[in-house]
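Just below is one structure, and these are the notes that go with it.
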Amino acid sequence: MTEPTPPTPDNAARPQDFVRKIVAEDLASNKWNGAVVTRFPPEPNGYLHIGHAKSICLNFGIAAENNGRCHLRFDDTNPTKEEMEYVESIQEDVRWLGWDWGTDKFFASDYFQQLYDYAVQLIRDGKAFVCDLTAEEIRQRRGTLTEPGTESPFRNRSAEESLDLFARMRAGEFDEGTHTLRARIDMTSPNLNMRDPVIYRILKATHHRTGDAWCIYPMYDFAHPISDSIEGITHSICTLEFEDHRPLYDWVLRELGIHHSQQIEFARLNLTNTVMSKRKLLMLVRDGHVSGWDDPRMPTISGIRRRGYTPESMRDFCSRIGVAKSDSVVDFAMLEHCVREDLNRRSPRMMGVLRPLRVVITNYPEGQTEMCEAVNNPEDPADGTRQVPFGRELFIEQDDFREVPPPKYFRLTPGREVRLRYGYFITCNEVVKDADGNVVEVRCTYDPATRGGDSPDGRKVKATIHWVSAAHAVDAEVRLYDHLFAAEFPDNVPEGGDFTDNLNPASLEVLTGCKLEPALGEVKPGGIPVQFERLGYFHLDPIDSAPGKPVFNRTATLKDAWQRAQKKA
RNA sequence: UGGCGUGUGGCGCAAUUGGCAGCGCAUCUGACUCUGAAUCAGAGGGUUCUAGGUUCAAAUCCUAGCACGCCAGCCA
């Protein structure tokens, strides 16, 4: 429907972040002969979220800005956690964000043989050894944050013996947990990662790509630097928690004497009213707090896509939040601002009534219908106009009528005249109630001279409200979303509780029997959200909608000064 | 009482490397308005973590503290 606009290096106007500065300096000093090669290395063990989007835009963005490449590499060294379903969704999400890895799609598992050969080299050089300690024994000897560890009794066995043992590990002779390959570094290092870290373990699990070809798998700290090296990565950008791993990253590459990319760490994204760890997101899915990874309340890429966020707004968001090394929490309002800005510019405007109240125009001829011309997008005249049917019976928003109006309430109330957008001025003169005293219908008169929405005598009305012709309305389900978590910082919870205690019970409100103008019944899936005038942006749900039975997800509300004033009062 | 890292308006980031602390978001006014939207104009908000020191001049350099984050998986 709408062509996605390709990502542009839109950071030019913004101050450069520290990573881009390093890249620029390296280019200036010709450190890598003009090459800029980055990579986005997800583990296919879950769906991508907005935090990943930050990393994706950083890595692909830097490559694009510098005429370089960004590799998509699946870090699949743990067969017990990874699945093909995730590699598919990850690719879809990166593509949706607008990035293209071209032919540079890789899997760490493609390097298993090379990795194995490098491990052998390390053993030969006396830099690694096979250790017979159990996990528990290794843990006990690791020492603590303040005390050094103690060396493994197998640390000094001969390279020949380790080589033999390693080959037998690979051949499947040993059970899981009985042997590991460890780097021989320094058990007294203040950096625990350097205390003879395990670099290979036995895992008799079927790998989603290599099947049963291997029963030993390299650890992240070994596989990652080498994968970067093999691919000729120049800048290996990762998050802060890997800072402590950099010495090990450098050690592996230095000892092997191979291409040595530079690891650079930045702070991961945090968002208010949101959790952003795969573990917690998985929990929300598994425990049924949401309908799935793509629930529109989820901060996953697939969730926000289904919610109606656009790739353009996501990229804009990522460039606005910046890249730095201090832990921080971005205000959710920043994200909303970005979607609103994009959607305001591009979304078609239409009318939909969420909570209908029947209006009968008593002086309008029964059975008559006419068409009113409505502007599709005032922000973009090229979008043209459309015809909206008008009749004697209409629906307006319940909120747009008050029998006893609060102060400064501009909308419909007995005796007051308001404008029906693109329609007529109407004046309310009668209220119909049910047995319980609820207003079920308002009866109005219209001024035929105000057709189109302007009065020839120049009289003004304070409010313009939206409406839908009852005879032509399309029925729809509309889902209103709010923050998944009521608390700004969901993890802040008293002893004994957990983040799910902060789930917002009102994060989803499902409205049925909503009344939409006919054009909204024709919206095709795959486009951008539509603005329901005065309400917000709504996105046709690609999964639950059926022909003639649209379901709309509210992407974001419009800013509402009235509501804000009400809340204050 | 280990190592690594980070502290700049409410929030996220800048500050040409020592030269009057700026931008975005948020907030609040006002204007305009056939969306209480958008737009436009404006406002408030800072002990640059603290204390010393160097200097004509410090967010930036030095010293000593403090706070916060991460690290003791055969996860990544």
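The shown structure was predicted, so the numbers you read here are calculated from the model rather than taken from an experiment. Chain A is the first sequence line, chain B the second, and so forth, proteins listed ahead of strands; every chain is numbered from 1. All values below were derived from every heavy atom in this structure, side-chain atoms included, with hydrogens, water molecules and symmetry-related copies excluded.
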- Closest to side chain of A:T146, choosing from B:U35, B:C13, B:U1: B:U1
- N/O (side chain, A:R534) to phosphate O (OP1/OP2, B:G36) under 4.0 Å: yes
- Message: Taking ring-ring contact (aromatic ring centres under 6.0 Å, His included) as the definition, give me every residue that meets it alongside A:Y47, ordered by chain and number, with sequence neighbours left out.
- Response: A:Y86, A:W293
- Are the side chains of A:H245 and A:H224 in touch, meaning some heavy atoms are under 4.5 Å apart? no
- Task: Have a look at B:G44 and give me syn or anti from its glycosidic angle (syn if within 90° of zero).
- Result: anti
- Message: Going by salt bridge (charged side-chain N to carboxylate O under 4.0 Å, His left out), name the residues that satisfy it together with A:D75, two or more places apart in sequence or in a different chain.
- Response: none
- Item | Interatomic distance where OH belongs to A:Y537 and P belongs to B:A38 [whole Å] | 8 Å
- Which whole-number value in Å describes the distance from A:R349 CZ to B:U35 P? 11 Å
- Query: Distance between the P atoms of B:A37 and B:U48, in whole angstroms?
  - Reply: 37 Å
- Message: Taking salt bridge (charged side-chain N to carboxylate O under 4.0 Å, His left out) as the definition, give me every residue that meets it alongside A:E241, ordered by chain and number, with sequence neighbours left out.
- Response: A:R268
- Task: Give one of base, sugar-phosphate or nothing for A:P378, where a contact means two heavy atoms less than 4.0 Å apart.
- Result: base
- Message: Does a side-chain N or O of A:H337 approach OP1 or OP2 of B:C25 to a distance below 4.0 Å, or not?
- Response: yes
- Using a heavy-atom cut-off of under 4.0 Å over every strand shown, decide if A:Y422 touches base, sugar-phosphate, or nothing. base
- Item | A:F410 vs A:W562, ring-ring contact (aromatic ring centres under 6.0 Å, His included): CA-CA, chis, key distance, verdict | CA-CA 10 Å; A:F410 305 151; A:W562 167 250; 7.1 Å; no
- Regarding A:Q263 and A:E265, is there a side-chain donor-to-acceptor distance under 3.5 Å anywhere? yes
- Note on the structure: To the nearest angstrom, the CG-C1' distance between A:L420 and B:U35 comes to 13 Å
- Note on the structure: Sorted by position of nearest nucleotide on RNA chain B, 5' first, the leading residue of A:G453 and A:S328 is A:S328
- Measure from CG on A:D250 to C1' on B:C4 and round the result to the nearest Å. 14 Å
- Scan A:K462 against the nucleic acid and name what it touches under 4.0 Å (heavy atoms): base, sugar-phosphate only, or nothing. nothing
- Can you tell me the distance, in whole Å, between the CD1 atom of A:I264 and the P atom of B:G5? 15 Å
- Task: May I ask you to say what A:Y409 touches in the nucleic acid, namely base, sugar-phosphate or nothing, with a heavy-atom cut-off under 4.0 Å?
- Result: base
- Query: Would you say B:A15 has OP1 or OP2 under 4.0 Å from some side-chain N or O of A:K21?
  - Reply: yes
- Using a heavy-atom cut-off of under 4.0 Å over every strand shown, decide if A:V329 touches base, sugar-phosphate, or nothing. sugar-phosphate
- Task: Take the protein atom CG of A:D17 and the nucleotide atom P of B:U6, then report the distance between them rounded to whole Å.
- Result: 15 Å
- Between B:U27 and B:A72 - C1' atom distance, rounded Å: 45 Å
- Message: When you measure from the side-chain N and O atoms of A:K559 to the phosphate of B:A38, is any distance below 4.0 Å, counting only OP1 and OP2?
- Response: yes
- Note on the structure: Across all chains, not counting sequence neighbours, the salt bridge (charged side-chain N to carboxylate O under 4.0 Å, His left out) partners of A:R345 are A:D342
- Query: So which one's nearest nucleotide on RNA chain B is more toward 5', A:E147 or A:E533?
  - Reply: A:E147
- Give a yes or no on whether a donor-acceptor pair under 3.5 Å exists between the nucleobase atoms of B:U35, that is its base, and the side chain of A:Q531. yes
- Counting any heavy atom closer than 4.0 Å, what does A:K54 reach on the DNA or RNA strands: base, sugar-phosphate only, or nothing? nothing
Please write out each protein N/O paired with an N/O of nucleotides 70-76 of chain B under 3.5 Å, distance rounded to 0.1 Å.
| unit_1 | atom_1 | unit_2 | atom_2 | d |
| --- | --- | --- | --- | --- |
| B:A72 | O2' | A:R142 | NE | 3.0 |
| B:G73 | OP2 | A:R142 | NH2 | 3.0 |
| B:C74 | OP1 | A:R142 | NH2 | 3.3 |
| B:C74 | OP2 | A:R142 | NH1 | 3.0 |
| B:C74 | N4 | A:L133 | O | 2.9 |
| B:C74 | N4 | A:A135 | N | 2.9 |
| B:C74 | N4 | A:G177 | O | 2.8 |
| B:C75 | OP2 | A:R201 | NE | 2.9 |
| B:C75 | OP2 | A:R201 | NH2 | 2.8 |
| B:C75 | O3' | A:R201 | NH2 | 3.1 |
| B:C75 | O2' | A:N78 | ND2 | 3.1 |
| B:A76 | OP1 | A:T77 | OG1 | 2.7 |
| B:A76 | OP1 | A:R201 | NH1 | 3.3 |
| B:A76 | OP1 | A:R201 | NH2 | 3.0 |
| B:A76 | OP2 | A:Y220 | N | 2.9 |
| B:A76 | O3' | A:D75 | OD2 | 3.2 |
| B:A76 | N6 | A:H245 | NE2 | 3.2 |

- Sugar-phosphate, base or nothing in reach of A:V461, heavy atoms under 4.0 Å: nothing
- Message: Expressed as a whole number of angstroms, how long is the span from A:D491:CG to B:C68:P?
- Response: 17 Å
- Query: Any side-chain heavy atom of A:I465 sitting closer than 4.5 Å to one from A:L420?
  - Reply: yes
- Message: Please report the distance, rounded to the nearest Å, between CD in A:E379 and C1' in B:C40.
- Response: 13 Å
- Query: P atom, B:G19 versus B:A26: distance in rounded Å?
  - Reply: 32 Å
Can you give each donor-acceptor pair under 3.5 Å made by side-chain atoms of residues 189-205 of chain A, sequence neighbours left out, with the distance rounded to 0.1 Å?
| unit_1 | atom_1 | unit_2 | atom_2 | d |
| --- | --- | --- | --- | --- |
| A:S189 | OG | A:N191 | N | 3.0 |
| A:S189 | OG | A:N191 | O | 3.2 |
| A:N191 | OD1 | A:N193 | N | 2.9 |
| A:N191 | ND2 | A:D244 | O | 2.8 |
| A:R195 | NE | A:R142 | O | 3.0 |
| A:R195 | NH1 | A:S189 | O | 2.4 |
| A:R195 | NH2 | A:R142 | O | 3.0 |
| A:R195 | NH2 | A:T144 | O | 2.7 |
| A:R195 | NH2 | A:E147 | O | 2.7 |
| A:D196 | OD1 | A:R155 | NH2 | 3.2 |
| A:D196 | OD1 | A:I185 | N | 2.7 |
| A:D196 | OD1 | A:D186 | N | 3.4 |
| A:D196 | OD2 | A:R155 | NE | 2.6 |
| A:Y200 | OH | A:Y116 | N | 3.2 |
| A:R201 | NH1 | A:T77 | O | 3.3 |
| A:R201 | NH1 | A:Y217 | O | 3.4 |
| A:R201 | NH1 | A:P218 | O | 2.8 |
| A:K204 | NZ | A:G172 | O | 3.1 |
| A:K204 | NZ | A:F174 | O | 2.7 |

- Rounding to the closest angstrom, what is the interatomic distance between B:C25 and B:A41 at atom P? 13 Å
- Message: Going by the glycosidic torsion and a 90 degree boundary from 0, is the base of B:U54 oriented syn or anti?
- Response: anti
- Query: A:R564 side chain N/O closer than 4.0 Å to the phosphate oxygens (OP1, OP2) of B:C28?
  - Reply: yes
